[in-house]
2 protein chains.
Amino acid sequence: MSTVIFSLRSAADGDRLMLPLVRRTREPHLGMWALPGGWLDVAENLDDAAARTLAETTALAPSYLEQLYTFGDVDRAPSRTISIVYWALLRSDLVDAQRAVADAPENVEWFDVDALPELAFDHRRIAEYALWRLRNKVGYSRIAAGLLPDAFTLTELREVYEAVLGRRLDPSNFRRLLEGSDELVPTDSFRTGKHRPARLYRYNADA
Amino acid sequence: MSTVIFSLRSAADGDRLMLPLVRRTREPHLGMWALPGGWLDVAENLDDAAARTLAETTALAPSYLEQLYTFGDVDRAPSRTISIVYWALLRSDLVDAQRAVADAPENVEWFDVDALPELAFDHRRIAEYALWRLRNKVGYSRIAAGLLPDAFTLTELREVYEAVLGRRLDPSNFRRLLEGSDELVPTDSFRTGKHRPARLYRYNADA
DNA sequence: CCAAAAGTGTTGCACCTACACCCATGT
DNA sequence: ACATGGGTGTAGGTGCAACACTTTTGG
């Protein structure tokens, strides 16, 4: 059981979509980077097991978690193993907060989704499939919220979309689209910064 | 490992979308209807196993086969079992031909997707999820072809869409949509019947 | 006052839907 | 000839992309 975990991490050129990998501590593929994972307990359902193994790597609860695919090719490993793969989103503020209190765990490192190292097994293909699914899903669902704190400005949300999709979006059209849907509710707070303050929104819990 | 198999079978009011169920021959849920399935061989990849277990029920090769979901709830059966579920389409002409040469296998019966009997385990939920996925996918992909012979008229194809989606479509708009895409290639043959002959199309193999 | 981000308005295009209409064939 | 399904044309509506424009803040 493995999980492709996505979060945003700030880089020189704005936020980048990144995912954590772990260095393998045993054969096969000893020393190579791989998706975090673990083994399924007997009395645990699949979603719980995915959340648990994810927490063992990140010490965090995911804001979004979905089954991706089950792989079971015969030549995937020396003997065939079934691998149930999930994908998840982590709020970037929680990842940063976690970083502040605890040292980065040994053997875990975050990589830009556009600059992954060589991966063990068929994990690269799996990561790319998860990325494809995330990009798709961002288009027609509200999951982008899973990468942000509770309240956020429309610009921050747009930047999430841009980081995920890898292309720029028109700010005014983005605003209309999201304001027109009932996915967002405006709050009375504003984010004050260098320029005109921007209204904070939060996702509509019952939409 | 189970598979939700769809095909079209003619009924009084036109073709209906139907799926085969098997009667369970052992406990638990002895005697109840269930999705066809089987066990995974050690040296077999998942797609092959799905095709094999499907063939054991229908004696046919599917024209479309896709993994649906992996279920593993603890309370799904007495002890937790992992169940990898696929869904598939069968060409209706092959199903009918198969019927003609062989008697219907014992314990297998086709049911209208809108009139399923009570099912063993959580198979009803699984069948409905597969149906939802099929209906979705028909909207943005070419899988409807999987239910028809190689060559077909636009009306026949539209009737497939109507049977799958459960609603009527405008013939002229349907024609424009499909002719406009490069999914279909016209042939030089016509289906002659009671009225004006209709051109036969086939799906574009490399679109 | 100026720069820059927040936020509004407007226009044009692409696409879909509904529906009127003509065409070709079997009976 | 006419009923019926095959096939074409067209007008209205919706939604989105592009982009000009106004507003509000910090410096």
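Letters go in sequence order (proteins before strands), and every chain restarts at 1. Predicted model only: the values in this text are computed from it and were never measured.
Cation-pi contact between B/Arg23 and B/Trp33: present, with separation from the ring centre below 6.0 Å and deviation from the ring axis of at most 45°.
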Show your working on side-chain hydrogen bond (donor to acceptor under 3.5 Å, both in side chains) between B/Tyr86 and B/Asp47 and close with a plain yes or no.
-> CA-CA 8 Å; B/Tyr86 274 70; B/Asp47 291 8; 2.5 Å; yes
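In this structure, CZ of B/Phe152 is placed 21 Å from P of D/dG5, rounded to the nearest angstrom. Here D/dA18 presents its P atom at 14 Å from CZ of A/Arg168, a figure rounded to the nearest Å. Atom CG in B/Leu169 sits roughly 14 Å away from atom P in D/dG6 (whole-Å rounding). Note: CG (A/Asp170) to P (D/dG15) measures 18 Å, nearest angstrom. Rounded to whole angstrom, the span from the CZ atom of A/Arg167 across to the C1' atom of D/dA17 amounts to 11 Å.
Within the 4.0 Å cut-off from OP1 or OP2 of D/dG6, not a single side-chain nitrogen or oxygen of B/Ser172 is found.
Using the six-membered ring where Trp is involved, B/Trp132 and B/Tyr129 have ring planes that are parallel, under 30° apart on the 30 and 60° scheme.
Residue A/Leu89 comes nearest to A/Ile143 through the heavy atom pair CD1-O, 3.4 Å, listed as atom of the first residue, atom of the second, then distance.
For residues 190-199 of chain B, proximity to DNA chain D is found at B/His195, B/Arg196, B/Pro197, B/Ala198, B/Arg199, defined as any non-hydrogen atom under 4.0 angstrom from a strand atom. Less than 4.0 Å separates DNA chain D from at least one heavy atom of each of the following residues of residues 173-180 of chain A: A/Asn173, A/Arg176, A/Leu177.
Side chain of A/Thr3 to main chain of A/Leu54: no donor-acceptor pair is present (N/O by atom type, distance under 3.5 Å, no hydrogens or angles).
For B/Arg52, the CZ atom is densely surrounded, since the number of other residues' heavy atoms within 6.0 Å is greater than 12.
A salt bridge links A/Arg16 with A/Asp114: the distance from a Lys NZ or Arg NE/NH1/NH2 to an Asp or Glu carboxylate oxygen falls below 4.0 Å. B/Arg9 has no carboxylate O lying under 4.0 Å from a charged side-chain N of B/Asp112, or vice versa, which leaves the two without a salt bridge.
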